[in-house]
Amino acid sequence: MHITRRTLIATGGVALAGAALLPRAWGQTSVIMGDTEVLSLSDGNLELPADFIFGPMPQDELAQVLAPFSLDPQGALTPPCNITLLRRGDMLVLFDAGSGTGFQPSAGALPDALAAAGIDPYDITHVVFTHGHPDHLWGLLDDFDEPAFANAEHMMGAAEHAYWTDPATVTSIGEARASFAAGAERRLAALPDITLFDDGAEVLPGVSAMLTPGHTPGHMSFRIDAGADSVMVLGDCIGNGHVAFARPGWPSGSDQDMAMAAETRTALLDRLAADGTRIIGFHLPDSGVGAVARDGDGYRFEPA
Ligand SMILES: [Zn+2]
């Protein structure tokens with residue numbers, strides 16, 4: 001069942017349990033940093049032809065790189081979709097809104113994951129977007145085309161918002177992604193309001209934005225600070241647990257500007273491996289929570 005405004009009214013919603021930690025639910029992993037709780041909730045998974053990611057890569061080396069991951073370069077991929085939820089004081093912040101029901105049948109499970117965790121969508125205070133792709137954005141509206149998180153302030157990087165609301169994008173983005181552009185424009189227009197921010201902004205107390213472009217033009221990642229501790233919400237700038245780590249410099253078909261995305265990914269992995277920062281990746285395995293380790297000439301994802 002998907003929660004909608006009407007079913008919530010019918011059932012009276014689900015109350016949060018005081019100041020206690022949120023109950024654990026299916027597909028959920030949590031990071032506790034003092035008074036800050038960061039959860040990874042599952043929105044389900046995508047189903048993609050492997051070629052969508054691997055197509056532009058050096059095919060002669062690809063099979064060897066993929067061998068440890070039991071992936072078929074000609075087969076299908078089922079990347080998980082991990083939504084980050086931050087809870088601190090009165091803030092209940094979602095990073096991305098998931099797919100909703102209009103993208104792929106295997107995705108759009110966030111309302112169920114929230115319900116299982118005892119979280120009322122009406123209690124979400126902020127929805128902060130990494131970028132405007134369907135699996136991150138389309139869940140902002142419910143099945144009645146009303147804001148799914150009706151009391152939340154919605155926030156997006158200014159460059160990313162300008163790109164997806166530009167009427168020219170639907171033609172400039174290319175045929176394969178034209179529906180992404182139309183879908184984003186329609187959904188963003190349905191929001192009564194959106195707060196825009198720039199690279200480096202402290203978007204919320206202890207949450208700072210970092211421009212990580214290439215996957216999309218204005219893709220943002222976020223660092224959540226809690227005292228001396230921190231966790232990076234990556235979105236899709238490191239977009240999978242296999243080739244993105246093993247061969248970060250390779251072009252990936254999932255990135256809109258493949259060269260820029262490779263540059264962003266390579267620089268970020270170098271930094272994350274050096275400082276040991278904890279990460280949450282939207283399409284990384286094992287709930288996406290872990291860290292980056294050096295591995296030969298590349299890197300590997302180490303789940304928490
Ligand atoms: Zn994605």
Side-chain angles (χ1 to χ4, degrees), residues 27 40-56 71 76-85 94-110 113 127-141 156-157 159-161 163-164 169 173-174 176-184 187-188 209-222 232-245 248 251-258 260-262 264-265 268-269 279-290 301:
S40 175
L41 298 171
S42 176
D43 192 44
N45 65 273
L46 301 182
E47 293 182 342
L48 305 169
D51 188 57
F52 178 75
I53 288 179
F54 301 138
L71 293 173
L77 296 175
T78 56
C81 299
N82 309 305
I83 311 266
T84 301
L85 178 77
L94 277 178
F95 292 87
D96 294 327
S99 288
T101 51
F103 186 48
Q104 293 194 341
S106 55
L110 178 63
V127 181
V128 183
F129 294 106
T130 60
H131 64 296
H133 278 166
D135 48 326
H136 302 253
L137 185 86
W138 287 14
L140 71 84
L141 298 184
M156 183 180 259
E160 186 73 3
H161 184 264
Y163 177 74
W164 293 108
T169 296
I173 196 170
R177 289 186 173 93
S179 67
F180 291 14
R187 285 170 177 82
L188 287 170
M210 189 172 98
L211 184 67
T212 43
H215 182 68
T216 59
H219 186 285
M220 289 279 186
S221 301
F222 301 93
M232 281 281 302
V233 180
L234 296 175
D236 285 3
C237 66
I238 303 173
N240 60 68
H242 36 87
V243 277
F245 284 80
S252 170
S254 59
D255 297 325
Q256 291 188 214
D257 183 330
M258 291 187 268
M260 186 188 287
T264 294
R265 188 165 50 236
L268 188 59
L269 282 164
I279 59 173
I280 303 184
F282 196 91
H283 297 299
L284 301 188
D286 298 296
S287 297
V289 182
F301 176 57

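Residues: numbered from 1 along the sequence shown. Counting starts at 1 for both ligands and their atoms, in listed order.
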| task | Give a yes-or-no answer on whether the side chains of Thr216 and Glu160 include a donor-acceptor pair shorter than 3.5 Å. | result | yes
| Per the ring pair (Phe, Tyr, Trp, His ring centres under 6.0 Å) rule, which among His283, His215, His219 passes with His136? | His283
| message | Could you enumerate the protein N, O or S atoms under 2.8 Å from the Zn ion (ligand 1), written like residue then atom name? | response | Asp135 OD2, His136 NE2, Asp236 OD2, His283 NE2
| Looking at Ser99, Ser106, Pro79, which one forms a side-chain contact (heavy atoms from CB on, under 4.5 Å) with Asn45? | Ser106
| query | Do the side chain of Glu47 and the main chain of Gln104 share a donor and acceptor less than 3.5 angstrom apart? | reply | no
| message | With heavy-atom distances below 4.5 Å as the criterion, would you say the side chains of Ser221 and Met232 are in contact? | response | yes
| query | Does a side-chain heavy-atom distance below 4.5 Å link Leu137 with Trp164? | reply | no
